[in-house]
Amino acid sequence: MTAPDNIASFTAACAGVLGELHAAFPRPLDIQAADFQEELVAARRLPPACAWSDPARETCLVAATIDYLLAEGVVRCGDGPFPPTYPACVLTARGFAVLQSPAELAGEPRGETLGGVLRKAGAVTGSSFLSQAVTAVFRLLTT
């Protein structure tokens, strides 16, 4: 994967992971990274290039995304080692607060939260709207 494909794919993976965790909050989820990535590709939330081509499944965009979200304090998971499974994965208070923020995106109804936008994001891989929503999440995380 090359830039900007990697950024668009990371954005879509972030939306998928954060949307699922927001929908389940406060219940933790056990996430099988490789299986979840396959589900996102099948639902057209990740590009076909993210489908597995090597049987060893050595690289996983969803695993790298969850690792990043863990390091940034957006999510927490139960005991590792990680990956391929991320047990008891849940949003942190910080992650939940950011996803509860108003979306304030063009075309989005008033009162919609960033988490709500990410949860309902469908086959929008590469869309500027999805990019705006994920960018808004990270902008709030850095303030």
Side-chain angles (χ1 to χ4, degrees), residues 1-54 56-105 107-109 111-143:
M1 210 176 309
T2 60
D5 292 342
N6 64 320
I7 302 302
S9 296
F10 169 77
T11 298
C14 257
V17 170
L18 293 175
E20 288 295 315
L21 292 175
H22 188 258
F25 192 82
R27 295 179 327 273
L29 297 178
D30 292 336
I31 298 176
Q32 298 280 4
D35 293 342
F36 188 62
Q37 182 162 312
E38 294 280 343
E39 290 171 22
L40 291 175
V41 171
R44 297 185 38 217
R45 292 183 71 183
L46 277 178
C50 291
W52 290 107
S53 56
D54 70 293
R57 292 183 163 192
E58 292 176 2
T59 59
C60 182
L61 176 64
V62 167
T65 300
I66 295 172
D67 289 342
Y68 179 81
L69 295 171
L70 280 164
E72 292 300 314
V74 180
V75 302
R76 72 170 160 265
C77 298
D79 294 333
F82 314 119
T85 301
Y86 293 83
C89 198
V90 67
L91 294 169
T92 61
R94 178 178 176 221
F96 180 70
V98 166
L99 292 181
Q100 286 298 101
S101 299
E104 297 180 6
L105 302 171
E108 208 40 55
E112 182 68 86
T113 64
L114 285 169
V117 169
L118 297 179
R119 273 198 332 264
K120 70 181 182 182
V124 291
T125 302
S127 88
S128 62
F129 182 74
L130 182 60
S131 180
Q132 288 174 26
V134 173
T135 298
V137 167
F138 284 105
R139 187 174 297 122
L140 288 169
L141 287 167
T142 58
T143 59

**Q.** Derivation of the side-chain contact (heavy atoms from CB on, under 4.5 Å) call for Leu118 and Val17
**A.** CA-CA 9 Å; Leu118 297 179; Val17 170; over 6 Å; no
Donor-acceptor contacts under 3.5 Å from residues 25-33 side chains, at least two apart:
{"residue": "Asp30", "atom": "OD1", "partner": "Ala88", "partner atom": "N", "Å": "2.7"}
{"residue": "Gln32", "atom": "OE1", "partner": "Thr85", "partner atom": "OG1", "Å": "2.6"}
{"residue": "Gln32", "atom": "NE2", "partner": "Thr85", "partner atom": "OG1", "Å": "3.3"}

Q.
What's the separation between atom CG in Leu18 and atom CG in Leu91, rounded to the nearest 0.5 Å?
A. 6.5 Å
Q. Can you list the residues that meet the ring-ring contact (aromatic ring centres under 6.0 Å, His included) rule with Phe82, with sequence neighbours excluded?
A.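 Phe82: ring-ring contact (aromatic ring centres under 6.0 Å, His included) contacts with Tyr86.
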Shortest non-hydrogen contact from [X] toward [Y]:
X	Y	result
Leu99	His22	CB-CD2, 3.6 Å
Val98	Val137	CG1-O, 3.6 Å
Ala103	Val117	CB-CG2, 3.7 Å
Leu140	Thr143	O-OG1, 3.0 Å
Leu114	Pro102	CG-O, 4.2 Å
Cys60	Gln37	SG-OE1, 3.3 Å

(Q) Tell me whether Gln100 contacts the main-chain N or O of Gly115 through its side chain, where contact means a donor paired with an acceptor under 3.5 Å. (A) no
Q) If only atom types and distance count, is the side chain of Arg94 paired as donor or acceptor with the main-chain N or O of Leu141 below 3.5 Å? A)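 Yes; at least one donor-acceptor contact below 3.5 Å.
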Mind listing the side-chain donor-acceptor pairs of residues 68-80 below 3.5 Å, one per line with the distance, residues two or more places apart or on another chain?
none

Q: Among Ile66, Thr65, Val62, find the one that has a side chain to side chain contact (heavy atoms under 4.5 Å, CB included) with Cys14.
A: Thr65
